[in-house]
2 protein chains.
Amino acid sequence: MNFFDYCIQTYAQLFLEATKVGHDERFSQKQAIRDTMISAMRNYPTVEVADIWKAVYSAHMDRKSGIANPDIIKKVVSAENSWKKSSGHAFEEMIKVLGNISLEPHGIRILLQKDLKILIEKQTIANEVRDISWLKEQIGASVFDLYITVLQEGKEYVYGCIQSKTSIRDRVTRDREPSMQAMQAFFWSVAICLDGDFLKLPKFISMVNGNTTGHKLNGWHGMYVFSDRYTVGRIYPIDIDLDLFVAHAKEAAEEWLQRRQWFNHEWKADQK
Amino acid sequence: MNFFDYCIQTYAQLFLEATKVGHDERFSQKQAIRDTMISAMRNYPTVEVADIWKAVYSAHMDRKSGIANPDIIKKVVSAENSWKKSSGHAFEEMIKVLGNISLEPHGIRILLQKDLKILIEKQTIANEVRDISWLKEQIGASVFDLYITVLQEGKEYVYGCIQSKTSIRDRVTRDREPSMQAMQAFFWSVAICLDGDFLKLPKFISMVNGNTTGHKLNGWHGMYVFSDRYTVGRIYPIDIDLDLFVAHAKEAAEEWLQRRQWFNHEWKADQK
DNA sequence: CTCGACCGGTCGAG
DNA sequence: CTCGACCGGTCGAG
């Protein structure tokens with residue numbers, strides 16, 4: 001028998017034996033991986049150990065997924081990684097395109113982080129030095145996905161930071177802190193979420209709206225969700241027109257230009 | 001047509017059109033994701049946007065992998081994540097089992113990080129306070145995968161730190177720094193690698209052996225690879241018996257017990 | 001070519 | 001139940 005088939009068979013057998021004597025799946029699979037390796041290394045001393053490892057991987061993937069063909073596995077994993085890396089960018093671009101349709105007539109526009117990076121390098125952003133230096137820090141740490149600017153007397157000012165997320169699951173926890181810092185730096189800070197499923201848990205609602213012992217303050221000026229199932233407080237529904245987001249962006253731009261010193265976390269848009 | 005099929009078809013069509021006018025694959029796929037979303041949201045305003053997103057995901061996965069069945073995709077991704085999380089643990093256990101067969105008769109044994117954590121909590125590790133506190137820090141940050149101890153007069157001392165990796169790719173870069181700190185703290189510090197493919201690049205060889213301008217010092221006392229293709233300097237071949245690793249572990253234990261003050265990065269095992 | 005960053009179901013230990 | 005950590009081909013910008 002070749003080493004590959006040996007690994008497939010041995011893994012299956014060892015896993016079965018382990019479960020039969022009462023071990024749970026996690027224990028059994030770990031033991032099957034470990035002992036198939038040992039056994040195969042003994043029986044095929046001339047085969048590269050890395051190749052035996054790949055065979056054990058195939059055995060594990062087969063048992064868990066029902067797919068025995070390594071080519072299919074490889075292609076799915078590759079495609080999945082492509083989606084992970086690129087789909088978020090596509091979503092950001094979508095928000096930029098959809099938002100700017102309504103915003104640009106008002107002298108407001110959404111920028112990708114990389115757009116803003118270029119504009120700051122070209123020194124065409126009119127914010128004060130202190131803002132510019134704060135923005136550079138945020139860009140360096142890739143904190144926000146999008147930024148929003150407003151024109152006044154022909155000059156372009158960044159007045160807001162946007163987190164755009166297709167799925168934030170429990171990463172909301174990590175995104176909240178930078179958002180609060182943006183509000184403390186007198187910027188409009190909002191999140192746009194494709195999927196609001198996580199808002200089914202009260203914990204996350206209070207991370208947005210505050211007013212609980214665990215989360216005293218609101219984490220964002222607004223969170224815009226592509227669904228009307230989760231609307232409460234600063235959690236707003238949007239659809240393809242981004243209506244409430246656009247309305248709030250206009251209100252926020254006006255506020256930022258006229259009364260920035262009072263533009264802290266308490267600010268709330270009028271329109272609902 | 002239902003929204004799902006609409007997304008599949010639209011994505012395929014938009015991607016094809018983009019490539020036909022000369023865009024590369026990455027640009028075309030990002031545009032296809034973005035514009036299929038916009039188009040589907042317009043045509044199916046009552047469908048949850050998160051569900052449209054899932055359909056676009058399926059379209060992307062289908063084009064990249066050739067697999068159109070979402071159930072298969074889901075199972076492969078799930079299995080892959082299981083492997084990612086569990087296989088490293090199985091490998092660590094394997095090293096522990098294989099190593100301890102030869103080591104335990106000499107009063108030496110390999111511990112998983114979690115084993116050491118428990119022993120330290122039970123206060124059965126005999127190292128000085130300063131060592132214990134250093135070890136606790138390493139455990140807290142999950143720096144090393146395995147530790148190695150030696151018995152002297154019935155007391156058990158941790159004398160080495162082991163990184164066990166199935167694939168370190170360019171993560172070697174990140175693993176080097178903590179290894180050098182372990183050597184500075186007068187511990188034996190080694191890595192055990194399943195796959196030495198990365199050692200085809202001279203850069204990585206010099207990260208192990210030092211003696212270049214970029215990497216003046218050696219990064220480990222030894223790196224043990226399950227292959228004899230990469231042997232040079234402190235890069236040693238091992239097979240299932242872990243011969244050289246075991247021989248060096250014995251030498252290092254002796255050195256640590258007798259002459260610890262001189263056990264710095266320069267120490268090198270005699271046996272080859 | 002290089003090289004940092006991306007994600008999300010699972011694991012494992014509460 | 002919760003919740004932090006895991007990985008690795010791809011993306012994107014040098």
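Within every chain, numbering begins at 1; the chains are lettered A, B, ... in the order of the sequence lines, protein sequences first and strands thereafter. Quick caveat: nothing in here was measured; it's all calculated off a predicted structure.
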Salt bridge (Lys or Arg N to Asp or Glu O under 4.0 Å) contacts in which one or both residues fall within residues 67-82 of chain B, not counting sequence neighbours:
none

S82(A): partners by side-chain hydrogen bond (donor to acceptor under 3.5 Å, both in side chains), with sequence neighbours left out:
H60(B)

Go through the structure and list residues passing ring-ring contact (aromatic ring centres under 6.0 Å, His included) with Y230(A), not counting sequence neighbours.
none

May I ask you to verify whether the side chain of K84(A) and the base of dC7(C) hold a donor-acceptor pair under 3.5 Å?
yes

Whole angstroms only, please: what is the CD-P distance between E92(B) and dA5(D)?
16 Å

Provide the full list of salt bridge (Lys or Arg N to Asp or Glu O under 4.0 Å) pairs with a residue in residues 199-213 of chain B, sequence neighbours left out, each pair given once.
D197(B)-K200(B)

Let me know the distance between CD1 of I73(B) and C1' of dG8(C), rounded to the nearest Å.
15 Å

Does dC3(D) have OP1 or OP2 under 4.0 Å away from a side-chain N or O of T173(A)?
no

Return the value, rounded to whole Å, for the distance between atom CG of L201(B) and atom P of dT2(C).
6 Å

Please write out the pairs of protein N or O atoms and N or O atoms of nucleotides 10-14 of chain D separated by less than 3.5 Å, giving the distance to one decimal.
{"from": "dT10(D)", "atom 1": "OP1", "to": "S78(A)", "atom 2": "OG", "distance (Å)": "2.6"}
{"from": "dC11(D)", "atom 1": "OP1", "to": "S82(A)", "atom 2": "OG", "distance (Å)": "2.8"}
{"from": "dC11(D)", "atom 1": "OP1", "to": "Q29(B)", "atom 2": "NE2", "distance (Å)": "2.5"}
{"from": "dC11(D)", "atom 1": "OP1", "to": "K64(B)", "atom 2": "NZ", "distance (Å)": "3.3"}
{"from": "dC11(D)", "atom 1": "OP2", "to": "R26(B)", "atom 2": "NE", "distance (Å)": "3.2"}
{"from": "dG12(D)", "atom 1": "OP1", "to": "H89(A)", "atom 2": "ND1", "distance (Å)": "2.8"}
{"from": "dG12(D)", "atom 1": "OP1", "to": "K30(B)", "atom 2": "NZ", "distance (Å)": "3.3"}
{"from": "dG12(D)", "atom 1": "N7", "to": "R26(B)", "atom 2": "NH1", "distance (Å)": "2.8"}
{"from": "dA13(D)", "atom 1": "OP1", "to": "K114(A)", "atom 2": "NZ", "distance (Å)": "3.0"}

Would you kindly give the CD-to-P distance between Q163(B) and dC6(D), to the nearest whole Å?
13 Å

Are a donor atom and an acceptor atom from the side chains of S189(B) and S179(B) found within less than 3.5 Å of each other?
yes

Using the ring centroid of each side chain, check whether W53(A) and F226(B) are separated by less than 6.0 Å.
no

K200(B) NZ to dT2(C) P, in whole Å, measures 14 Å

Scan S142(B) against the nucleic acid and name what it touches under 4.0 Å (heavy atoms): base, sugar-phosphate only, or nothing.
nothing

What is the distance from CG of D175(A) to P of dG8(C), rounded to the nearest Å?
13 Å

Those stems involving DNA chain C that have three or more consecutive Watson-Crick or G-U pairs, both distances under 3.5 Å, are C:1-14 with D:1-14

How close or far is atom P of dG8(C) from atom CD of E80(A), stated in whole angstroms?
7 Å

Qualifying residues under ring-ring contact (aromatic ring centres under 6.0 Å, His included), relative to F198(B), sequence neighbours excluded:
F204(B)

Apply side-chain hydrogen bond (donor to acceptor under 3.5 Å, both in side chains) to S164(B) and list each qualifying residue two or more places apart in sequence or on a separate chain.
none

S87(B) side chain N/O closer than 4.0 Å to the phosphate oxygens (OP1, OP2) of dC7(D)?
no

What residues form a side-chain hydrogen bond (donor to acceptor under 3.5 Å, both in side chains) with S39(A), not counting sequence neighbours?
Y6(A)

OP1, OP2 of dC1(C) versus side-chain N and O of K203(B): anything below 4.0 Å?
no

From CD1 of I33(A) over to P of dC6(D), roughly how many Å is that when rounded to an integer?
17 Å

